[in-house]
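What follows is a single structure, written as structure tokens, with notes after it.
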Amino acid sequence: MKRLLSAIFLCGVALVINAQKVMSPNGKLMAKTIDKKLVINYKNKQVLELADVQYNKLDFVRKVKDDYQMLEGKRLHCTNQANEYQASIGQNAKMVMRLYNDGIAFCYEYTNLQNTKAPAEQTAYIIHEGTKRWMQQWSDSYEGFFPLSTTSEVKALGGFGGAMVQKNNNTHWGYPLLMEPVDGVFALITEANIERRQSASSLYNQGEVFSVKPDQNDVLLSGDWHTPWRVVIIGTIADIVQSTLVTDVSEPTKYEDTSWIKPGVVSWIYWANNHGSNDYNIIKKYVDMAVTLKLPYVLIDAEWDEMDKLPSNEGKTIEDAVAYANAKGVKPLIWYNSSVGWINGAPGPKFRLNKPEDREKEFAWCEKIGVAGVKIDFFSGDNESNMSYCQDLMESAARHHLLVNFHGAPIPRGWQRTYPNLLSTEGVYGAEWYNNVPHFTKKAASHNAMLPFTRNVVGPMDYTPCAFSDSQHPHITSNAHELALTVLFESGLQHLADRPESFLSQPQAVQDFLGQLPTVWDETRYVSGYPGQSAVLARRSGDTWYVAGINGSDEPQTLATDLRFIKKGNARLFADDASGQWNINTISKLPSKIACQPRGGFVLVISK
């Protein structure tokens, strides 16, 4: 068997497991015990091995059926099924495992804890040398590349604060981790459902052994406690892309009223200037652009607390900027420093959200003056304190009808279901890095073709796409490639990165496209592509399909577009010509393939 993926669970008490066969409801995944190993097969191909399992017996508990609605994401109506099993792993402890139709999820449950720290977790995945894998070097902001490798001795490039250096033999990796244990069969490792009294985890390796290690958690536990779900999505690359397993195992929302939560496209100030949100006149330009393009939101980024200090503003403050946006029918979002990560030398406003009483006062003020949401930046990683603070922020924001966008933050782990006012999270090496480093320019096209198969699988991703002009460092992706990212990358708040002069100089058809762009999708389908090479996805909003594709390579590439699942309709194609200019046409027949320029792309909009 080529590139076999194994995983070891060391749970404390050596016992014997009886021969069993368990499977997912659709029969594609089967688990069987062989010589104290639990082997997971996908369509009779061995893809996952839980070795040295040390529990008596895997007992069937119940059938699980997930059927719920989301307010944003790759699919609004989500369904899945699983067979749930459990096994004793010692006194007052058990492992709960679910075989879903598209992967496995397991957690550890403990009872009768007595004022103690969280029990040590011994979970590890073994990824044999030779197995294809795409891994991101860990950083507390999850901003890095996912280079293809067949060895754990990979050179990783990227990561906030370490973006300029390469590291050999890195041993700390962030989720998600994608691998191809069998040709054409993939497994994506992540976790889900971080709750109170829990930290998030990441992966540390010694050679082929990748251990799951929760971050710092100083809470003393009494009574019952459980770990977050350890999740492995398994199947074809289409199964990976289309999976909702992360939210399937996450807690449903307790919000009684969600009618005020409205996803949408955002006019964003920071990218073009690296500053600008302390300048009232620049804010006005981005509000006016949102009016012209018919965008619902504008984001007023960092340094707005210094607005009255800029002489050209003639005493104008953030309240004046918010009032201007609301008067124009554009809903303003404003930025805050979380003041737990980057503080010294970082922009403000700072220290307004840390104490509960200050946070409530600040968010009440936001609601009063007409702010629709907050972007909160610079968090401190996966530790329990940070996870708890994020939940405090989301709950407080909801009390004041504020949308939330986390930046400089860990990746989503299912909170988008539990706290539906969380519409986006950065946790990605995005277009902002054209401001920071020169090496993003050459790597961006391949990186963009990687993200639909890795980071964006697990939740909304505030990459801030669609830059037709240049920031501090140039981009070499085509206009159609950039436009395609607005569909290819899912985010409940889709921030457009470019400056008003650039957007308003585009053909009217492109401007109209941006003004009609959904950020909520009824359905998402994988069409074609391979991690880092190309990606073509189809997303449906109502009766309209948006099909987006990008070429991640420096050579021309023809992308497969089998769209037989879409009924005939009117179709407009946004593409590039050989000179790099727009090629926008109405077509009568849906193509089975589309030729892309180097680092190019396309968007098809198909409506009745």
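Numbers here simply count residues along the sequence, with the first being 1.
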4.5 Å side-chain heavy-atom contact, Lys213 and Ser201: no
Would you check if the side chain of Asn436 reaches a backbone N or O of Trp433 as a donor-acceptor pair within less than 3.5 Å? no
Are the side chains of Ile411 and Pro176 in contact, using a 4.5 Å heavy-atom criterion? yes
I'd like to check Leu403 versus Trp260 (side-chain heavy atoms, cut-off strictly below 4.5 Å). Are they in contact? yes
Determine whether the aromatic ring centres of residues Phe60 and Tyr85 are separated by less than 6.0 angstrom. yes
Does this structure show an ion pair linking Glu367 with Arg399, if we count only N-O contacts that are shorter than 4.0 Å? no
Taking all non-hydrogen atoms of both residues, which atom of Pro228 and which atom of Ile194 are closest, and how far apart? CG-CD1, 3.6 Å
Taking the side chain as every heavy atom from C-beta outward, state whether Asn337 and Asp377 have any atom pair closer than 4.5 Å. no
Treating Trp335 as the side-chain partner and Ile376 as the backbone partner, does any N or O pair qualify as donor plus acceptor under 3.5 Å? no
So, is the end of the Arg417 side chain (NZ or CZ) under 6.0 Å from the ring centre of Tyr68 and within 45° of the ring's axis? yes
Any side-chain donor paired with an acceptor under 3.5 Å for Asp102 and Asn80? yes
Under a 4.0 Å threshold between the charged nitrogen and the carboxylate oxygen, would Arg98 count as salt-bridged to Asp248? no
Any side-chain donor-acceptor pair under 3.5 Å between Asp218 and Gln216? yes
Could you tell me if the side chain of Trp134 sits less than 4.5 Å from the side chain of Leu177, heavy atoms only? no
Where Thr244 and Cys78 come nearest, the two heavy atoms and their spacing: CG2-SG, 3.9 Å
Is it the case that the ring center of Phe440 lies less than 6.0 angstrom away from the ring center of Tyr429? yes
Only one of Cys107, Pro119, Pro214 passes side chain to side chain contact (heavy atoms under 4.5 Å, CB included) with Thr227; say which it is. Cys107
Is any NZ, NE, NH1 or NH2 atom of the basic residue among Asp382 and Arg413 found under 4.0 Å from an Asp or Glu carboxylate oxygen of the other? yes
Side chains of Glu426 and His407: donor-acceptor distance under 3.5 Å anywhere? yes
Run the side-chain contact (heavy atoms from CB on, under 4.5 Å) test on Trp229 and Ser250 for me, step by step, so that the C-alpha distance in whole Å, both residues' side-chain angles and the decisive distance to 0.1 Å come before the verdict. CA-CA 8 Å; Trp229 287 100; Ser250 295; over 6 Å; no
Kindly give the heavy-atom pair with the smallest separation between Arg359 and Asn354, and that separation in Å. NH1-O, 3.3 Å
The test is ring-ring contact (aromatic ring centres under 6.0 Å, His included); show your working for Trp304 and Tyr336 and say whether it passes. CA-CA 9 Å; Trp304 56 258; Tyr336 285 92; 5.6 Å; yes
Under 3.5 Å, is there a donor on one side chain and an acceptor on the other for Tyr419 and Gln391? yes
Contact check, side chains of Pro412 and Val246, non-hydrogen atoms, under 4.5 Å: no
Distance only, no hydrogens: is a donor on one side chain within 3.5 Å (strictly under) of an acceptor on the other, for Gln136 and Tyr175? no
Report yes or no: is the cationic atom of Lys443 (NZ for Lys, CZ for Arg) closer than 6.0 Å to the six-membered ring centre of Phe145, at no more than 45° off its axis? yes
Counting only heavy atoms from other residues, nucleotides and ligands, does the tally under 6.0 Å from CD of Gln206 exceed 12? no
Start with the C-alpha gap between Phe406 and Leu422, add the side-chain angles, then the distance that decides, and say whether side-chain contact (heavy atoms from CB on, under 4.5 Å) holds. CA-CA 8 Å; Phe406 285 144; Leu422 178 64; 3.6 Å; yes
Are Lys65 and Gln81 linked by a side-chain donor-acceptor pair shorter than 3.5 Å? no
Would you please say whether a donor-acceptor pair under 3.5 Å links the side chains of Tyr255 and Asn421? yes
Consider only side-chain N and O atoms of Asn456 and Tyr463, and report whether a donor and an acceptor are under 3.5 Å apart. no
Between Asn386 (side chain) and Ser380 (backbone), is there a donor-acceptor pair under 3.5 Å? yes
Ion pair present between Glu395 and Arg196, side-chain N to carboxylate O less than 4.0 angstrom? yes
Ignoring hydrogens and geometry, is there a side-chain-to-backbone donor-acceptor pair from Lys94 to Tyr108 under 3.5 Å? no
Side chain of Asp301, backbone of Ser277: donor and acceptor closer than 3.5 Å? no
Between Tyr270 and Trp268, does the ring centre distance come in under 6.0 Å? yes
Identify the residue among Asn205, Val209, Thr131 that makes a side chain to side chain contact (heavy atoms under 4.5 Å, CB included) with Ser152. Asn205
Strictly by modelled atom types, are Thr123 and Glu121 linked by a side-chain donor-acceptor pair under 3.5 Å? yes
Is the closest side-chain heavy-atom distance between Arg230 and Val212 below 4.5 Å? yes
Can Ser396 and Glu360 be counted as having a side-chain donor-acceptor contact under 3.5 angstrom? yes
Lys375 side, atom NZ; Ser424 side, atom OG - distance, nearest 0.5 Å: 9.5 Å
Report yes if the side chains of Trp173 and Met135 come closer than 4.5 Å at any heavy-atom pair, otherwise no. yes
